[in-house]
Chemist: 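Just passing along the structure, written as structure tokens.
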Amino acid sequence: MFTFKKNKTNNVIDYTRLPTHIGVIMDGNGRWAKKRGLPRSAGHSAGADTLKKIVTECNKMGIKYITVYAFSTENWKRPKEEVDYLMNLLMSYLKDSERTLSGENVVIKAIGIREELSDELQEQIKKTEKFTQNNTGIIMNIALNYGAREEIVRAAKEIAREAAEKKIDINDINADTISSHLYTKNQPDPDFIIRTSGEERLSNFLLWQAAYSELWFCDKLWPDFTIKDLHRSIIDFQARGRRFGGV
Ligand code: IPE
Ligand code: IPE
Ligand code: MG
């Protein structure tokens, strides 16, 4: 008789095989608030608290990189009131991180189109990056006004410029050339991407870098996501067979 052989799944994390770079699409803040009869802003604020817990845990576990999707290039379509709230929240998150996450040795970087952000926020980003640059713990990329298509277009323009200036030969352009012109240059691609809230799409997040990422979805809304959920996701990641096109 034909029977399915269940993959052997351990219930403990193998700390020698952690993902190197985790991407997180923190989705569901608005629905979390709605369920409680609260304004969407309350969901964003609760989501920021969850983020601190998760980054702290990833750092403790020894994960080297985390990229979190905080605001997409498409999120400007939201009502002005919500966008303003998110920008203020990001500002206080960055300020606060200098005390909290920096004390935990986290390196904070922002990726995305900075020039479109307010002068104050741009200043704060610079300050927080400088403040944490010599830390030696997890590298946290905050994707803020980030869109993968914009990132790739920007890379293409830079490469074209370098070719026009004869700094590079067109025949030498390869996948590494593209990678080294992205916001995430010098960082490994994410091997694992988590998205909460039941949506199963990338929504313009790290499209180039996610070519071989393992994707993991859960129904929980981001403010409800716990350290236990993170552990569960990593155990699932470790049970997957990654083949990169091989056998
Ligand atoms: C994710 O939660 C946070 C941001 C996009 C800034 P949402 O605000 O998208 O929450 P839902 O998807 O509407 O529930
Ligand atoms: C993706 O979530 C962006 C962030 C989490 C910041 P969205 O809620 O904006 O994505 P869609 O609209 O559901 O695809
Ligand atoms: Mg959403």
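Counting starts at 1 for both ligands and their atoms, following the listed order. In this text the structure is predicted, and so the values were computed from the model without any measurement.
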Chemist: Is the shortest N/O to N/O distance between L86 and ligand 1 below 3.5 Å?
Modeler: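 In this structure, L86 places no N or O atom under 3.5 Å from an N or O of ligand 1.
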Chemist: So which heavy atom in the protein is nearest atom 12 (O) of ligand 2, and how far is it from that ligand atom?
Modeler: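 It is R201 NH2, 4.6 Å.
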Chemist: Pick from H181, K167, K157: which one makes a side-chain hydrogen bond (donor to acceptor under 3.5 Å, both in side chains) with E162?
Modeler: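 The passing option is H181.
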Chemist: With atoms numbered from 1 as shown, which atoms in ligand 1 lie under 4.0 angstrom from a non-hydrogen atom of N75?
Modeler: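 Here the atoms of ligand 1 in question are 5 (C).
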Chemist: How close does the nearest protein non-hydrogen atom get to atom 6 (C) of ligand 1, and which residue and atom is it?
Modeler: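 Scanning the protein heavy atoms, the shortest distance from atom 6 (C) of ligand 1 goes to A70 O, 3.3 Å.
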Chemist: Would you call R154 and E150 a salt bridge, taking side-chain N to carboxylate O under 4.0 Å as the test?
Modeler: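 A salt bridge is present here (some side-chain N lies under 4.0 Å from a carboxylate O).
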Chemist: Using a 4.0 Å cut-off to any heavy atom of R78, which atoms of ligand 2 qualify?
Modeler: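 Checking each atom against R78, I get 7 (P), 8 (O), 9 (O).
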Chemist: Which is it for R40 and ligand 1 at heavy atoms under 4.0 Å: side chain, backbone, both or neither?
Modeler: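 Contact part for R40 vs ligand 1: side chain (C-beta onward).
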Chemist: My understanding is that only one of V55, T56, I138 makes a side chain to side chain contact (heavy atoms under 4.5 Å, CB included) with E104; could you say which?
Modeler: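 Checked V55, T56, I138 against E104; only one passes side chain to side chain contact (heavy atoms under 4.5 Å, CB included): T56.
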Chemist: Within the 4.0 Å heavy-atom shell around S203, which atoms of ligand 2 are there?
Modeler: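 In order of number, 10 (O), 11 (P), 14 (O).
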Chemist: For ligand 1, which atoms have a heavy atom of H44 less than 4.0 angstrom away?
Modeler: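 Contacts of ligand 1 toward H44, numbered from 1: 3 (C), 8 (O).
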Chemist: Between F205 and ligand 2, which part of the residue brings a heavy atom under 4.0 Å of the ligand: side chain, backbone, both or neither?
Modeler: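 It is neither part, as no heavy atom is under 4.0 Å.
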